[in-house]
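Residue numbering restarts at 1 for every chain, and letters A, B, ... go by the order of the sequence lines.
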There are 2 protein chains.
Amino acid sequence: MAWDTEGTKRKIREAAVREFAAHGPDGTTVERIARSAGVNKERVYNYFGDKRSLFSHVLRDELAKVAQAVPVESFAKEDVGDYAGRVYDYHRERPELARLLRWEGLAFDGEVPDEELRREYYRYKLAAVVDGQEHGTVTTSIDADHLIFLVLSLAGWWTAVPQVARMLTQPLTEEEEARRRASVVEAARRLARTP
Amino acid sequence: MAWDTEGTKRKIREAAVREFAAHGPDGTTVERIARSAGVNKERVYNYFGDKRSLFSHVLRDELAKVAQAVPVESFAKEDVGDYAGRVYDYHRERPELARLLRWEGLAFDGEVPDEELRREYYRYKLAAVVDGQEHGTVTTSIDADHLIFLVLSLAGWWTAVPQVARMLTQPLTEEEEARRRASVVEAARRLARTP
DNA sequence: TCCTTTTCCAACGCTATCGTTGGAAATGAG
DNA sequence: CTCATTTCCAACGATAGCGTTGGAAAAGGA
């Protein structure tokens, strides 16, 4: 079973995503990541350097995944509500990315790695909104950068403050999930609507 | 200068809010809270018990403050956009509460203290939306609980993922702050609008 | 079989933090 | 002045995590 370098690295990355998403950079221990990956702690340091580097590494991976899984071309063609629904679904299935981003926002604000790469991702989304505005399918009464940002907030807030969602809405059944998704879709449409 | 028990407690609470908001429950040390408050570490344990209790304590205080500072009665009388603007302003001036809530959401989800007290706060907001809906000033195509939740997301997301906001929008000048506020107000109006 | 690479494992030194303790100094009420 | 209370301070033992190290076991290619 040895001799599988890539497999070992992958197991470490997967475990690191789980642990970091669950406990954050401070709350996570390298020991637990290693155990959860079924490898030795020493392997982690050997392949990924220190804890902070590993965090950056897995976050970069997750950003690449979401960019591929929830693509967007132009809101002249796709409905903004549908897009918001897809984003919501993604976060529901893979809540890790959103949690990693929020840990980063709380713990590391102001020192973000891979900044240029990440701006690239956002440029695509921005371009999709601008295209919609130019074709008259998206309102111009909210600036494009803010509009896409706010649409993302509709889909992301639920997991950002789950305790608030729990106290304010229904218990989290399948029905409630469906209601939430419907609200997000409707809300996004309302944000983008043209008169 | 001694003999001022309440003053000492207050200084500890204020320092704790700063430290917890900045570094989270894990990243904060009791030693730093004490130093920042200008008192001895031993005082913290004596007055507030362990670290977790202190965290709950200051969060409860901050919740009470916001409930008083950003009151809401009925969206039959007040415009939802204006309310969202007030919430945005509050978070801009006092970002601590939002950060504490998000630390809590990430680190302590599922074990929230003072749950009943906090539900009470949300019941007021919910009632304000329902009242608006009954008076026809607020749409009924989004359920009241979700509507208020999403309005709060519009105001709160900026500080939840500040690094994303920075990469997606303009540098954070006074002008950009004003633009953001305007977008939040407009977006909230759009969410609540009746046909 | 021999040799190189990967992996495991136990233990290391180091630092940080927790929560506690015992006693001394300062303070203000009576 | 006396005395109870508040505060400071230094140090405590215990634990936990970081990042490293040296060497042994396992695996597979030549």
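- Judged by the 6.0 Å distance and 45° axis criteria, Arg52(A) is positioned over the aromatic ring of Phe108(A).
- As judged by a 4.0 angstrom heavy-atom cut-off over every strand, Gly38(B) is placed among residues touching the sugar-phosphate backbone only.
- Applying the salt bridge (charged side-chain N to carboxylate O under 4.0 Å, His left out) test to Asp50(A) and every residue at least two apart in sequence or in another chain returns nothing.
- In terms of the side-chain hydrogen bond (donor to acceptor under 3.5 Å, both in side chains) criterion, residue partners of His23(B) (sequence neighbours excluded) are, by chain and number, Arg32(B).
- For Thr8(A), no side-chain nitrogen or oxygen approaches OP1 or OP2 of dT6(C) to under 4.0 Å.
- Distance CG (Asp4(A)) to P (dA26(D)): 18 Å, rounded to an integer number of Å.
- When the salt bridge (charged side-chain N to carboxylate O under 4.0 Å, His left out) test is applied to Asp26(A), no partner is found at least two apart in sequence or on another chain.
- Pairs engaging residues 156-171 of chain B under the salt bridge (charged side-chain N to carboxylate O under 4.0 Å, His left out) rule: Asp109(A)-Arg166(B) [sequence neighbours left out].
- Residues that satisfy the salt bridge (charged side-chain N to carboxylate O under 4.0 Å, His left out) test with Arg18(B), not counting sequence neighbours, are absent from this structure.
- Atoms CZ (Arg35(A)) and C1' (dC8(C)) sit 15 Å apart, rounded to a whole Å.
- Take Glu115(A) and apply the salt bridge (charged side-chain N to carboxylate O under 4.0 Å, His left out) test, not counting sequence neighbours, and it matches Arg119(A).
- Atom CG of Asn46(A) and atom P of dT7(C) are 9 Å apart (whole Å).
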Contact pattern, 5' to 3', of nucleotides 14-20 of chain D - B, S or - by protein heavy atom under 4.0 Å: ---SBBB
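- At the phosphate of dT6(C), neither OP1 nor OP2 sits under 4.0 Å from any side-chain N or O atom of Tyr47(A).
- The distance from atom CG of Asn40(B) to atom C1' of dA11(D) is 12 Å, rounded to the nearest whole Å.
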Show me the donor-acceptor pairs, under 3.5 Å and distance only, between side chains in residues 39-48 of chain B and residues at least two apart or in other chains.
unit_1: Asn40(B); atom_1: OD1; unit_2: Glu42(B); atom_2: N; d: 3.0
unit_1: Arg43(B); atom_1: NH1; unit_2: Tyr47(B); atom_2: OH; d: 3.4

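- Within a heavy-atom distance below 4.0 Å of DNA chain D, no residue of residues 17-24 of chain B is found.
- Remark on the helix from dT1(C)-dA30(D) to dG30(C)-dC1(D): inter-end axis angle 10°, axes from five-pair C1' superpositions, rounded to 10°.
- Take Ser74(B) and apply the side-chain hydrogen bond (donor to acceptor under 3.5 Å, both in side chains) test, not counting sequence neighbours, and it matches Asp131(B).
- Looking at residues two or more places apart in sequence or on another chain, you find a side-chain hydrogen bond (donor to acceptor under 3.5 Å, both in side chains) between Arg189(A) and Asp79(A), Asp82(A).
- Salt-bridge annotation for Arg123(A) and Glu116(A): present, with a side-chain N of the basic residue lying under 4.0 Å from a carboxylate O of the acidic one.
- Following rounding to the nearest Å, Ile33(B) (CD1) and dC18(C) (C1') show an atom-to-atom distance of 12 Å.
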